[in-house]
Amino acid sequence: MTTTKLVNLQVPFHRADLGEAEVQAVSDVIRSGWLTMGAKTFEFERQFASYVGASHAIAVSSCTAALHLSLEAIGLSCGDEVLVPTTTFTASAEVVAYFGARPVFVDIDAASMNMDPREAERKITTRTKAIIPVHLAGTPCEMAEITHLADQYRLRVVEDAAHALPSSYKGKRIGTVSELTAFSFYATKTLTTGEGGMITTENEDLVKRLQLMRLHGIARDAWKRYSAEGSWFYEVLDTGYKYNLTDLQAALGIVQLAKCDEMTSARSRIAARYTAAFQSLECVETPHIPADCATSWHLYLLRLQLDQLRIDRGQFIRELAERGVRTSVHFIPLHLQPAYQRNYGYKNGDLPVAEREYQRSLSLPIFSSMREEEIEQVIWAVSEVASHWSR
Ligand SMILES: Cc1ncc(COP(=O)(O)O)c(C=O)c1O
């Protein structure tokens, strides 16, 4: 393979793995005449619950909606505090703000880049109501320590598993560990419905509340009211939200779920190739996956040893782009974002581990429809940039 040939190839950061089966499934729903939440959505919920091994799954319009509804179901209220890792997407914290509650940002563990449970404990006050562990990139958080904290301080746990389908913690699938887990089916996620989300739980009272509130707070079978089985009469039992998934999306989800294991294996193979290729490079650090955990490999986070390089992370990203490789950064710590600084008084320097890791991390393309030449291109580009700019 020549350098010129490789540079001509553009490797996107992500490309959804969609085929004829998805087209067919969506077409079937269109032909059926029933587009919104209905039989397909309930079928998707049953299959999803069975896939992760949970008793119940409640389909919603996004992971943001899943997190919002979960916090509503545990009774979060104004003035409460919720522990959230600072290294996450804004959705994990904005849902706390919806209630007038305070997102209390927690520093991360340098190896996993997930919330550090020891730091979390230091942030607990009498107002702390819940913890939102986020399984960054698909790497499970230290759930034994987090569950222990929750028991000790009587806190509720809502897992943000937007990246963690399918991940496992000590042999348990994410989705079965805590009382509530929120998943994302956003366009770039490991299973996509374009936009969509799911909540898993074992608790039947929570199921009732989530089902009620995802559709305007109207009694459970309201979705039927335009169908032959339904009736015109309905009651609004609470002021709810419009957070339901549609049958169009669920049809996509059912096809994607059937190939979820295959797509995960493809990403695992790519991750193994990257790790094998980059392990010997002194200026980069490959991901640390705890031995008793399995990751979904939603993201492959590469960290730079900046003292071994003559360029910073921004320049490294530009150098990769010049070699046809698109990358991303997950995430700019939330306590550095203007909205959280303005509203909650966070400042630069507050959470030093997250800030340091942010400065040196980038995410490489890793998606199941990646072609062999695309994988080779990424390996070549990273190795080339690393050797060219090494000290
Ligand atoms: C960690 C994390 N949590 C929550 C979300 C929100 O997911 P959604 O777009 O399905 O609302 C995302 C989306 O990227 C995410 O990365």
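First listed ligand is number 1; within each ligand, the first listed atom is number 1.
Atom OH of Tyr186 is surrounded by 12 or fewer heavy atoms from other residues, nucleotides or ligands within 6.0 Å. Other residues, nucleotides and ligands contribute only 12 or fewer heavy atoms inside 6.0 Å of the CZ atom of Arg122. Within 6.0 Å of atom CZ in Arg326, 12 or fewer heavy atoms from other residues, nucleotides or ligands are found, so the atom counts as exposed in its surroundings.
With hydrogens left out, the protein atom closest to atom 12 (C) of ligand 1 is Phe89 CD2, 3.6 Å, a heavy atom. Residue, atom and distance of the protein heavy atom nearest to atom 16 (O) of ligand 1 are His163 NE2, 2.8 Å. For atom 11 (O) of ligand 1, the closest non-hydrogen atom on the protein side is Thr64 OG1, 2.5 Å.
A donor-acceptor pair under 3.5 Å is formed between the side chain of Arg323 and the backbone N or O of Glu319.
The N/O atoms of Ser184, backbone and side chain alike, include one that comes under 3.5 Å of an N/O atom in ligand 1. In terms of polar-atom proximity, Lys189 is counted as a contact of ligand 1, with an N or O under 3.5 Å from an N or O of the ligand.
Using a 4.0 Å cut-off to heavy atoms of Gly196, the atoms of ligand 1 that qualify are 10 (O). Close approach to Ala91 involves these atoms of ligand 1, each under 4.0 Å from a residue heavy atom: 4 (C), 5 (C), 6 (C). Atoms of ligand 1 lying under 4.0 Å from at least one heavy atom of Val134, given by number and element, are 1 (C). Atoms of ligand 1 found under 4.0 Å from any heavy atom of Phe331 (numbered from 1 in listed order, with element): 16 (O).
For the pair Glu121 and Arg118, the salt-bridge criterion is not met [side-chain N within less than 4.0 Å of a carboxylate O]. Salt-bridge formation is detected for the pair Glu372/Arg273: a Lys NZ or Arg NE/NH1/NH2 atom is positioned less than 4.0 Å from an Asp or Glu carboxylate oxygen.
With a 4.0 Å cut-off on non-hydrogen atoms, Phe183 does not touch ligand 1 at all. At a heavy-atom distance under 4.0 Å, atoms from both the backbone and the side chain of Cys63 approach ligand 1.
Not close to ligand 1: Ala66, with no non-hydrogen atom less than 4.0 angstrom away. Residue contact annotation: His330 has no non-hydrogen atom under 4.0 Å from ligand 1. Ligand 1 lies within reach of Ser92, whose nearest heavy atom is under 4.0 Å from it.
Nearest approach of Thr192 to Phe185, heavy atoms of both residues: OG1-O, 3.0 Å.
Atoms CG and OG1, on Asn114 and Thr88 in that order, are 9.5 Å from each other to the nearest 0.5 Å.
Between the choices Thr87, Thr88, Asp160, the shortest heavy-atom distance to atom 4 (C) of ligand 1 belongs to Asp160.
Annotation: side chain of Asp28 is in contact with side chain of Gln24 (closest heavy-atom distance under 4.5 Å).
Only one option out of Thr86, Thr87, Asp350 pairs with His335 in a side-chain hydrogen bond (donor to acceptor under 3.5 Å, both in side chains); it is Thr86.
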